[in-house]
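Notes follow the structure.
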Protein chains: 2
Amino acid sequence: MRVAVTLKDIALRAGVSQATVSIALGSSGRISGATRERILSIASELGYRRNLLVHGMQTGRTKSIGLLMSFCGRFEAGLFEGISGALDAAECVPFVLRPSRDVPVLGQIHALLDRRVDGILMRPTGEARWERHLHEALDRHVPVVSIDVETQADAPQVDFVGTDDAAGAAIAAETLFGAGHRRLACISTGDFPTPMFIRRKAFEAAVEKEKNATCHAVHQPWEDGIDGYAAANEVFSQSPRPTAVFVTMDALARGVYRAAAERRLRIPEDVSVIGFADELIAGLLQPPLTTLKQRPVDIGRIGAERLLARIDEADAHGERRRVLIQPELVERASLGQPPKL
Amino acid sequence: MRVAVTLKDIALRAGVSQATVSIALGSSGRISGATRERILSIASELGYRRNLLVHGMQTGRTKSIGLLMSFCGRFEAGLFEGISGALDAAECVPFVLRPSRDVPVLGQIHALLDRRVDGILMRPTGEARWERHLHEALDRHVPVVSIDVETQADAPQVDFVGTDDAAGAAIAAETLFGAGHRRLACISTGDFPTPMFIRRKAFEAAVEKEKNATCHAVHQPWEDGIDGYAAANEVFSQSPRPTAVFVTMDALARGVYRAAAERRLRIPEDVSVIGFADELIAGLLQPPLTTLKQRPVDIGRIGAERLLARIDEADAHGERRRVLIQPELVERASLGQPPKL
DNA sequence: CTGAAAGCGCTTACAG
DNA sequence: CTGAAAGCGCTTACAG
């Protein structure tokens with residue numbers, strides 16, 4: 001067994017004090033001339049590794065953060081990729097906790113705080129129970145940054161980085177208008193304050209502003225594996241039938257395609273479909289789904305960078321800053337002109 | 001700002017020594033009668049939270065582990081769900097680091113060790129560079145458990161929990177034999193020691209043992225977004241044409257379906273296809289893909305439990321233990337009898 | 001530039 | 001059952 005090498009060991013070998021070694025090894029402070037070189041070489045020879053537990057306790061910086069999020073799709077994978085990249089550059093490491101029904105959020109936040117994380121990055125679920133526990137962190141001057149879903153009034157000091165969902169929904173609407181559609185439908189799920197909710201509101205607002213345009217909106221409560229089938233059936237049984245459907249997340253398109261197939265409605269000849277998110281399924285559907293592509297890697301990276309900046313500022317209570325990332329239209333084959341009457 | 005409450009604060013208020021408070025709060029040792037009650041109530045009143053940095057330094061247990069894995073699909077999400085569940089129960093929290101070309105593995109292991117993780121759970125990539133750095137952990141008596149991909153001879157003390165890939169491949173072969181197929185093909189990717197490699201070898205071995213059965217094997221080097229299209233074209237241009245194709249991972253089926261469609265081969269009437277993993281895509285393909293379902297949540301859970309057990313045993317150098325989880329056939333629509341001549 | 005000392009917030013023998 | 005003391009491995013003023 002190898003026993004950990006300590007400052008004392010190095011000091012002994014180098015014939016200097018522990019304090020000198022500490023200073024020489026830290027990038028900080030007064031330089032120690034040639035002594036430093038000697039200390040450095042002894043340290044590396046001995047395979048010294050600083051105990052970050054103690055270091056963190058002394059300095060108040062553990063170079064660790066907490067990350068509260070779950071992993072279910074390509075979007076989350078992108079977020080994590082971006083986050084990891086930014087943290088790597090700062091030599092910071094994330095504790096990752098997965099929100100779940102069985103585990104109280106407060107307990108998770110305490111688990112992080114007890115380990116003295118420097119900050120917390122979170123992707124809130126839609127549920128409100130998150131917000132009220134954030135003060136446990138903020139009160140201790142541990143900054144919190146939220147990605148993808150914005151926290152609400154309860155926690156106005158929480159920075160936000162996410163997709164500009166409203167802009168994306170407006171692009172979807174404009175695209176449909178541009179193709180000649182006026183009789184639209186919107187199939188949605190997810191309540192305030194989820195991105196899906198914001199997309200729906202923005203889409204409806206865009207329709208309101210467009211002359212002669214109407215929107216038949218169907219909202220379904222969120223559930224696992226939701227696919228929009230029931231809502232699509234309602235939409236397709238309207239008369240006159242909408243010529244285009246906006247779904248607030250790609251997964252809903254699956255049910256739309258199925259309902260359309262059952263009614264022998266061709267996509268896009270009889271009905272156009274446009275999604276949001278560019279999840280894996282968008283490219284797999286036949287015809288491939290036109291959708292709004294998010295930039296999860298950027299969101300993750302910028303979110304982590306903002307958190308690191310907050311940590312350096314030592315300012316957990318500043319006003320909220322928001323960064324909105326523009327989504328981009330990915331044109332595939334599910335969108336065409338409205339059918340001729 | 002709230003300043004952290006320490007043992008001293010509680011001791012002062014309770015009129016006892018710091019040591020007494022420490023003992024009363026720890027679940028360990030001698031009970032302190034009524035004093036304990038008083039201390040406990042003062043602690044909770046003050047909102048005391050133990051500093052796990054210091055606690056970890058004192059006891060040598062940080063209740064943190066390192067988790068080295070990346071997130072790209074449903075399988076990984078399942079692993080993480082299982083891991084999280086097991087760790088939650090032990091009040092343990094994982095640092096999660098994502099392997100990537102840009103970041104040296106050694107650096108990641110050091111980042112974990114410097115933070116004094118109690119153990120490391122890893123899902124190795126196929127690359128060998130992992131293994132030789134594991135000793136950094138093992139030498140310090142930090143146990144390592146590997147999931148999904150078994151580490152090799154370099155690190156024989158590393159426990160393994162993963163799918164019984166060989167058994168799964170044998171099931172695939174038996175299923176095809178049972179349906180009457182004898183002219184088989186195997187499309188594979190991934191080298192030793194990935195699960196895909198093991199599946200391929202086991203499949204070929206099963207074919208060898210079956211009378212009159214042949215297998216046309218095509219191996220493609222692993223790359224991102226690989227879909228098996230080129231390999232499928234090679235398979236389909238054989239004469240006589242194989243009547244069934246085993247792909248060592250579901251994603252490869254995508255190219256097989258495409259190649260089949262281009263040649264107007266119907267699935268399963270003209271050619272049967274069987275996959276491995278039950279990834280999301282398996283259910284989305286048309287016809288839905290018959291495949292071998294893995295049990296990622298169990299693998300994750302058992303892997304984490306094994307690691308926790310190793311930590312408790314304080315035995316990082318015991319012999320390797322292996323847990324193989326049986327995969328299960330998911331019958332969907334891509335498998336039928338061979339075409340009549 | 002360097003050393004001696006104090007301190008971070010705990011736990012753990014060791015006495016009483 | 002409880003207290004006084006030492007110690008974990010560092011960092012940080014404070015003297016020299």
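All chains are named by letter (A, B, ...) in the order of the sequence lines, taking the proteins before the strands, and each is independently numbered beginning at 1.
Per the geometry, CZ belonging to B:R115 stands 19 Å off P belonging to D:dG9, to the nearest Å. Going from atom CG of B:L25 over to atom C1' of C:dT11 covers 12 Å, rounded to whole Å. A:I23 places its CD1 atom 13 Å from the C1' atom of D:dA15, with the value rounded to the nearest Å. Protein atom CZ of B:R61 is 16 Å distant from nucleotide atom C1' of C:dT12, rounded to whole Å. The distance between atom CZ of B:R36 and atom P of D:dT2, rounded to the nearest whole Å, is 11 Å. Between the C1' atom of D:dC10 and the CG atom of B:L53 lies a distance of 12 Å, rounded to the nearest Å. In this structure, A:N51 places its CG atom 14 Å from C1' of C:dC10, rounding to the nearest Å. Between A:L52 atom CG and D:dG9 atom C1' the separation is 12 Å, expressed in whole Å.
Contact check, A:Y48 against D:dC10: a side-chain N or O comes under 4.0 Å of OP1 or OP2. A close approach under 4.0 Å does occur between a side-chain nitrogen or oxygen of A:H55 and OP1 or OP2 of D:dT11. Phosphate contact (OP1/OP2 of D:dT11, side-chain N/O of A:T59, threshold under 4.0 Å): absent. Residue A:R50 has a polar side-chain atom (N or O) positioned under 4.0 Å from OP1 or OP2 of D:dT11. At D:dT2, one or more side-chain N or O atoms of B:T35 fall inside 4.0 Å of OP1 or OP2 (strictly under the cut-off).
Considering only heavy atoms from C-beta on, A:R98 stays 4.5 Å or farther from A:M69 through its side chain. Two residues are said to be in side-chain contact when any heavy atoms from C-beta on lie closer than 4.5 Å; B:T163 and B:L324 fail this criterion. Side-chain contact between B:S146 and B:L134 is absent, with no heavy atoms from C-beta onward closer than 4.5 Å.
The pair A:R50-A:E91 does not meet the salt-bridge criterion, since no charged nitrogen lies less than 4.0 angstrom from a carboxylate oxygen. Using a 4.0 Å cut-off between charged side-chain N and carboxylate O, A:D159 and A:R310 make a salt bridge.
With hydrogens and angles left out, the side-chain atoms of B:R36 and B:T20 include no donor and acceptor closer than 3.5 Å. With 3.5 Å as the limit, one finds no donor-acceptor pair spanning the side chains of A:R123 and A:S70.
For the segment residues 5-18 of chain A, the set of residues with a heavy atom within less than 4.0 Å of an atom of DNA chain C comprises A:G15, A:V16, A:S17, in numerical order.
Applying side-chain contact (heavy atoms from CB on, under 4.5 Å) to A:I39 and the options A:I23, A:L7, A:I10 leaves one that passes, A:I10.
Consecutive Watson-Crick or G-U pairing (both distances under 3.5 Å) extending over three or more pairs maps onto DNA chain C as C:1-3 with D:14-16, C:5-12 with D:5-12, C:14-16 with D:1-3.
Qualifying side chain to side chain donor-acceptor pair (under 3.5 Å) partners for A:D298, counting only residues two or more places apart in sequence or in other chains: A:R295, A:R301.
Nearer to the 5' terminus of DNA chain C, by closest-nucleotide assignment, is the contact made by A:A19 (compared with the other of A:A19 and A:R116).
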